[in-house]
Novice: 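Starting off with a structure, shown below.
Both backbone and side-chain heavy atoms feed into the values below; hydrogens, waters and symmetry mates do not. We number each residue from 1, following the sequence as shown.
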Amino acid sequence: MAEVASSPLIEVRGVTKKYGAVFALRNVSLEVDPGEVVVVIGPSGSGKSTLCRCLNRLETIDSGQVLFEGKPIPEEGRELAALRAEVGMVFQSFNLFPHKTVLQNVTLAPMKVRGLKRTDAETLARQLLDRVGIADQAQKFPAQLSGGEQQRAAIARALAMRPKVILFDEPTSALDPEMVKEVLDVMATLASEGMTMVIVSHEMGFARQVADRVVFMDRGEIVETGRPKEFFHSPESERARSFLAKVLRD
């Protein structure tokens, strides 16, 4: 059966972002298709997280355009809130509400933004907590959970909004090594189920196994993109070769 062409879910067109005189992003363009898993890699300070945060306007841009489903991302107000309901975000530092239980953290946005009744939101939340493997932690507070459990709760919270795409900004970098795998396993399952994801990560093995496409950034630019097999086996640019030689050696 022939593949049916689809429009990109996300389009980044010539985006530039500066902090003072320093370019965080310099004329960056990227497309993400529905169901695609894009892993963004590169050295520290290369603009990866800035790009990720520009996709739902957590960072404003100086020039260029970011489009979602063919429409420019709204600048503010209800339209921006509606967009963020469709674009989930999982942060490096979890960002769970410390004074609310895990169940309350997951049900809050569906009730406030989607208008779900409490009983329906709690049913959904328990299903999602079971899906990420922490159903038994529903009544605990974030401080009572390990880092890996907190991050899985954050993923469940993002999923509770039934988003069309989830952005992951270094989701394992704050975790102890033994907790990394449990989070990556959940993300790999989401990928296998067809969730559209843009993932900023330093986990090269994960990128090699799960990504549909790897995007390599350096100095605020997208230097190279490609399928994981080709990129990791024979990167085209010297900057990518140098980066991979260093991270794979370390």
Side-chain angles (χ1 to χ4, degrees), residues 8-10 12 24-25 28 30-59 66 68 73 83-96 105-106 109 128-129 131-134 142 145-177 179-217 222 225 228 247:
L9 189 63
I10 296 173
V12 180
L25 299 174
V28 169
L30 177 68
E31 294 184 355
V32 180
D33 291 330
E36 188 176 24
V37 178
V38 175
V39 179
V40 185
I41 65 173
S44 178
S46 60
K48 308 183 300 296
S49 289
T50 301
L51 173 61
C52 186
R53 294 170 65 86
C54 285
L55 298 183
N56 65 351
R57 205 173 165 76
L58 286 177
E59 292 281 359
V66 180
F68 181 75
I73 288 182
L83 169 103
R84 288 179 176 159
E86 305 290 350
V87 182
M89 185 88 184
V90 176
F91 299 90
Q92 174 181 334
S93 54
F94 321 135
N95 285 17
L96 298 169
N105 267 279
V106 178
L128 293 172
L129 291 172
R131 185 174 170 186
V132 300
I134 55 170
L145 274 57
S146 70
E149 289 168 338
Q150 289 187 61
Q151 194 60 292
R152 284 186 281 164
I155 293 172
R157 179 181 60 182
L159 289 170
M161 293 298 288
R162 303 190 189 279
K164 294 179 179 177
V165 58
I166 300 182
L167 313 176
F168 292 84
D169 185 9
E170 295 277 15
T172 61
S173 63
L175 301 179
D176 293 334
M179 298 176 186
V180 170
K181 184 179 183 300
E182 62 191 45
V183 173
L184 295 181
D185 284 347
V186 170
M187 294 168 63
T189 299
L190 293 177
S192 70
E193 294 171 349
M195 173 61 72
T196 309
M197 299 192 288
V198 178
I199 304 165
V200 173
S201 182
H202 60 274
E203 301 289 343
M204 297 299 110
F206 175 80
R208 189 193 300 263
Q209 294 172 13
V210 176
D212 295 306
R213 186 156 44 106
V214 174
V215 173
F216 171 67
M217 294 188 69
I222 292 179
T225 66
V247 297

Novice: On a heavy-atom basis, which atom in N56 and which in L167 lie closest, and how many Å separate them?
Specialist: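 In this case the closest contact between N56 and L167 is CG-CD1, 4.0 Å.
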Novice: The test is side chain to side chain contact (heavy atoms under 4.5 Å, CB included); show your working for V32 and V12 and say whether it passes.
Specialist: CA-CA 9 Å; V32 180; V12 180; over 6 Å; no
Novice: Looking at M179 and G148, what are the two nearest heavy atoms and their distance?
Specialist: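 Closest heavy-atom pair between M179 and G148: SD-N, 3.4 Å.
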Novice: Could you tell me whether the side chain of Q209 reaches within less than 4.5 Å of the side chain of P228, counting heavy atoms only?
Specialist: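 No, too far: nothing below the 4.5 Å cut-off.
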Novice: To the nearest 0.5 Å, how far apart are CD1 in I166 and CE in M161?
Specialist: 11.5 Å
Novice: Apply side chain to side chain contact (heavy atoms under 4.5 Å, CB included) to residues V38 and I10 and explain how you reach the verdict.
Specialist: CA-CA 11 Å; V38 175; I10 296 173; over 6 Å; no
Novice: Once rounded to the nearest 0.5 Å, what's the spacing between atom SG of C52 and atom CD of E59?
Specialist: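 Output value for this atom pair is 10.5 Å.
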Novice: Got L175 and F94 here, is their nearest side-chain heavy-atom distance under 4.5 Å?
Specialist: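 Answer yes - side chains close enough.
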Novice: Could you measure the distance from the CE atom of M195 to the OG1 atom of T189? Nearest 0.5 Å is fine.
Specialist: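 Going from the CE atom of M195 to the OG1 atom of T189 covers 12.0 Å.
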Novice: Contact between S146 and E182 at the side-chain level, heavy atoms closer than 4.5 Å - yes or no?
Specialist: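 They are in side-chain contact.
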Novice: Of all heavy-atom pairs between A158 and P163, which one has the smallest distance, and what is that distance?
Specialist: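 Minimum heavy-atom separation between A158 and P163: O-CD, 3.3 Å.
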Novice: Between V66 and R57, is a side chain to side chain contact (heavy atoms under 4.5 Å, CB included) present by the stated rule, with each step listed?
Specialist: CA-CA 9 Å; V66 180; R57 205 173 165 76; over 6 Å; no
Novice: Do T196 and K164 have side-chain heavy atoms sitting under 4.5 Å apart?
Specialist: no
Novice: Do T172 and H202 come close enough that some side-chain heavy atom pair is under 4.5 Å?
Specialist: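 Result yes, sub-4.5 Å side-chain heavy-atom pair found.
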Novice: Indicate the atoms forming the closest heavy-atom contact of I41 with S201, along with that distance.
Specialist: CG2-O, 3.5 Å
Novice: State, with a plain yes or no, whether a side-chain heavy atom of M89 is found less than 4.5 Å away from one of R53.
Specialist: yes
Novice: What pair of heavy atoms forms the shortest contact from K48 to G42, and how long is it?
Specialist: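 Of all heavy-atom pairs spanning K48 and G42, the closest is NZ-O, 3.1 Å.
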Novice: For residues M187 and E203, determine if any side-chain heavy atom of one lies less than 4.5 Å from a side-chain heavy atom of the other.
Specialist: no
Novice: How long is the span from the CG atom in D33 to the CG atom in D212, to the nearest 0.5 Å?
Specialist: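 With rounding to 0.5 Å, CG (D33) is 9.5 Å from CG (D212).
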Novice: What's the spacing between L96 CG and Q150 CD if we round to 0.5 Å?
Specialist: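 L96 CG to Q150 CD: 6.0 Å, rounded to 0.5 Å.
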Novice: For L184 and K181, run side chain to side chain contact (heavy atoms under 4.5 Å, CB included): C-alpha distance rounded to whole Å, both residues' side-chain angles, the deciding distance at 0.1 Å, then the answer.
Specialist: CA-CA 5 Å; L184 295 181; K181 184 179 183 300; 5.6 Å; no
Novice: Find the distance between CZ (R152) and CG (L159) and round it off to the nearest 0.5 Å.
Specialist: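 R152 atom CZ to L159 atom CG measures 13.5 Å (nearest 0.5 Å).
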Novice: Side chains of V87 and L55, heavy atoms from C-beta outward: is any pair under 4.5 Å?
Specialist: no
Novice: Please name the pair of heavy atoms, one in F68 and one in V165, separated by the smallest distance, quoted to 0.1 Å.
Specialist: CE1-CG1, 3.9 Å
Novice: Indicate yes or no for a side-chain donor-acceptor contact from D169 to the backbone of F91 under 3.5 Å, with no hydrogens or angles considered.
Specialist: no
Novice: Counting only N and O atoms by type, is there a donor-acceptor contact under 3.5 Å from the side chain of E36 to the main-chain atoms of A211?
Specialist: no
Novice: Taking A156's backbone N and O only, do any of them form a donor-acceptor pair with R131's side chain (distance below 3.5 Å, no angle check)?
Specialist: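 Pair absent, no side-chain N/O of R131 close to backbone of A156.
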